[in-house]
Amino acid sequence: MTLTQTAPSPFRIPADSPDWWRQAVVYQIYPRSFADANGDGIGDLAGIISRIDYLKQLGVDAVWMSPFYPSALADGGYDVDDYRDIDPRIGTLDKFDQLVAALHGAGIRLIVDIVPNHSSDRHRWFQEALNSPRGSAARDRYIFRDGLGEHGELPPADWTASFGGPAWTQVPDGQWYLHTFAVEQPDWNWDNPDVHAEFIRTLRFWADRGVDGFRIDVANALSKDLPEQLPTAAELAAMPKDGNHPMVDRDDVQDIYAEWRQVFNEYDPPRTAVAEAWVDDPARRARYASPESLGQAFNFDLLQADFDAASFRRVVAANLDQAALSGSSSTWVLSNHDVTRHATRYGLAPLAGSKAKQGAEWMLAGAPADQFDRELGLRRARAATLFELALPGSAYLYQGEELGLAEVTEIPDDRRQDPVFFHSTPEHRSYDGLGRDGARVPIPWTPAGPSFGFGPDSPEAAPAHLPQPSWFGQYSVAAEERDEGSTLTMYRRALALRGRLEGAETLEWEEELSGGDVLAFTRPGGWLCLTNFGEDPAPVPAGEVLLASSPLVHQDGSALVPGATTIWMKV
Ligand code: NOJ
Ligand code: CA
């Protein structure tokens with residue numbers, strides 16, 4: 001059951017292949033919460049550089065960094081003031097270059113986040129738009145409209161923004177601008193050629209600095225077609241999402257990505273991209289993943305699925321079909337900075353009246369702590385992770401999940417930062433409940449110390465920008481490194497083994513071993529992954545067990561897979 005050495009694999013896609021991304025394990029860093037080198041309480045680029053050995057030992061192929069650009073942090077950095085600079089609290093462009101060199105030196109690729117649906121209200125062009133008259137070229141880069149009512153005193157439409165509150169906000173001269181998200185995030189007008197040129201400049205800027213790929217925020221919303229008379233919110237919601245919807249997933253958004261694709265392909269190897277597009281219809285999602293478009297798209301189906309054999313199988317089968325449609329590889333995600341950590345989701349009891357289903361709730365709807373079974377949550381999370389890591393395609397991990405971190409629910413209201421929280425009231429819940437801060441609390445590196453090793457161990461160091469709970473120490477990297485049974489040890493072994501799992505992007509369901517709560521599949525080369533989603537132990541098939549998410553149990557001389565457990569076998 002122990003694996004100490006990664007053998008070179010005949011299957012592994014060579015690191016210098018242009019196809020490196022197809023089955024990569026990508027580790028998401030939320031830069032302000034990863035490691036704080038200078039002790040100001042905010043994670044920084046120097047902190048990331050100091051932890052590259054950790055990432056290498058973990059065995060990830062690439063790092064995706066959430067936004068690190070100058071920002072007032074109205075939305076955790078997704079409100080970008082300047083797309084071609086670094087937040088001075090986080091670092092400098094020189095530091096960024098050092099980071100790229102250090103990651104590449106360790107054989108790790110770098111993906112950065114591009115936020116093209118909206119800028120921040122502090123972006124130079126939005127400020128110019130505010131200081132320019134109605135109808136000016138500067139205003140045309142964003143989406144300004146006159147209001148309704150006798151004096152334009154009413155918003156142009158009754159739309160609600162994604163985090164709650166109105167989607168149209170009035171400026172001093174009486175006009176209104178559209179913001180799909182927070183009021184500080186005005187939407188760009190992608191009908192304006194300046195906007196196209198600006199983003200191409202930005203993509204080249206980072207690609208020239210050695211960035212290997214891009215994660216495209218809200219990739220399905222850039223193109224809009226707003227008639228003179230705007231539809232009401234109810235009308236908008238009733239319109240089919242068939243490519244002609246005025247706001248989302250329009251067919252012509254692909255024209256933007258065709259333009260970007262040319263830029264990506266100027267580089268050797270071509271720069272990669274992955275779309276963040278919450279598009280339900282798999283066939284429409286496949287458009288973003290086509291080689292003429294962004295090349296890959298996140299699927300969030302697994303993170304929204306119930307922890308049961310039938311749901312997981314359905315999701316996997318549908319997404320492998322979707323990958324076949326686009327020619328891309330599948331993507332798998334269980335956690336990210338927008339959802340409740342999966343170690344908590346899987347431990348939540350069903351909530352009365354909640355839209356959520358047992359174990360699948362993707363935002364924590366203010367669940368009281370006594371409804372959370374920490375042990376069950378972690379056990380299922382580890383099982384789901386081993387299942388995920390055995391699948392063909394690429395896996396996107398979120399910082400801290402390799403420690404089995406649970407969502408932090410005990411953040412005082414006055415320390416919260418997420419606009420989702422500020423718009424959430426018992427009467428109006430936009431994404432539900434507490435918002436996303438609980439998944440963004442700075443990482444514990446040591447069992448003790450002023451910020452559990454996130455910042456320097458010195459009395460002068462500022463506390464972590466989001467408060468860490470007292471139970472964080474037991475999940476720290478240093479504590480788990482010493483523990484054979486820890487979640488960190490499991491992730492390290494899984495990633496080392498996975499190097500040998502990367503074969504053809506196919507799997508075969510093992511019907512004879514599957515049924516009821518058990519789901520099993522094999523990958524080329526004789527690798528078996530079997531998950532017991534239920535409570536009763538299940539038999540271990542013949543073969544060599546390589547890894548188990550929880551220890552096997554023994555009954556009458558034979559080994560059994562206990563409930564909520566995944567095993568990997570050589571068969
Ligand atoms: C998706 C990002 O992941 C999320 O954090 C952000 O709030 C929205 N897009 C808006 O940029
Ligand atoms: Ca810092």
Side-chain angles (χ1 to χ4, degrees), residues 28-51 64-69 71-81 83 86-92 95 111-121 123 161-164 167 179-188 214-222 248 274-279 297-298 300 303 333 335-340 362-363 396 398 417-424 430-431 435-440 442-443 450-451 453-456 458 460-466:
Q28 182 191 355
I29 288 183
Y30 191 75
R32 292 173 181 85
S33 298
F34 188 64
D36 169 22
N38 66 355
D40 64 356
I42 299 169
D44 43 48
L45 299 185
I48 299 173
I49 292 174
S50 75
R51 300 295 182 183
W64 147 35
M65 278 209 288
S66 279
F68 44 75
Y69 314 108
S71 167
L73 304 181
D75 180 22
Y78 284 89
D79 46 323
V80 178
D81 296 351
Y83 292 87
I86 311 278
D87 182 339
R89 289 167 293 187
I90 288 188
T92 59
K95 227 357 141 211
I111 293 170
V112 300
D113 222 308
I114 298 291
V115 190
N117 180 67
H118 43 266
S119 70
S120 84
D121 58 351
H123 190 280
S162 274
F163 299 144
H179 51 93
T180 301
F181 294 90
V183 64
E184 297 90 348
Q185 291 168 296
D187 281 34
W188 289 108
F214 301 97
R215 178 262 190 196
I216 311 302
D217 190 64
V218 213
N220 54 322
L222 277 51
V248 291
V274 56
E276 189 230 15
W278 290 78
V279 174
F298 284 131
F300 298 115
L303 83 75
V333 185
S335 278
N336 64 32
H337 64 300
D338 287 335
V339 301
T340 302
W362 63 286
M363 290 298 291
Y396 286 81
Y398 177 51
Q417 302 175 5
D418 185 6
V420 169
F421 173 75
F422 299 122
H423 284 290
S424 293
S430 51
Y431 277 2
R436 303 166 294 179
D437 292 320
R440 301 175 178 184
I443 295 299
S451 57
F454 166 65
S458 119
E460 283 89 61
H465 69 100
L466 276 170

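In listed order, ligands and their atoms are each counted from 1.
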### Query
For ligand 1, does Arg440 get within less than 4.0 Å through its side chain, its backbone, both, or neither, judged by non-hydrogen atoms?
side chain
### Message
Between Ser66 and Gln28, is there a side-chain donor-acceptor contact under 3.5 Å, judged purely by atom types and distance?
### Response
yes
### Query
For residues Gln417 and His465, is any side-chain donor paired with an opposing acceptor at under 3.5 Å?
yes
### Query
How many degrees, to 10°, between Asp36 OD1 and Ile42 O as seen from the Ca ion (ligand 2)?
80°
#### Entry: Donor-acceptor contact below 3.5 Å, side chain Ser119 vs main chain His123
no
### Message
Contact between Val420 and Phe181 at the side-chain level, heavy atoms closer than 4.5 Å - yes or no?
### Response
no
### Query
Does Val115 reach the side chain of Asn117, with side-chain heavy atoms less than 4.5 Å apart?
no
### Query
If you stand at the Ca ion (ligand 2) and look out to OD2 of Asp44 and OD1 of Asn38, what angle do those two lines make, to 10°?
90°
### Query
So, for Asp217 and Leu222, which heavy atoms are closest and what is the spacing to 0.1 Å?
O-CD1, 4.5 Å
### Message
At less than 3.0 Å, would any N/O/S atom of Arg89, backbone or side chain, sit next to the Ca ion (ligand 2)?
### Response
no
### Task
Within a distance under 4.0 Å of any heavy atom of Val218, pick out the atoms of ligand 1 and give their elements.
9 (N)
### Query
Counting from 1, what ligand 1 atoms have a heavy atom of Arg436 closer than 4.0 Å?
4 (C), 5 (O), 6 (C), 7 (O)
### Query
Any idea which part of Trp278 is under 4.0 Å from ligand 1, heavy-atom wise: side chain, backbone, both or neither?
neither
### Message
Which of the numbered atoms in ligand 1 are under 4.0 angstrom from any heavy atom belonging to His337?
### Response
2 (C), 3 (O), 4 (C), 5 (O)
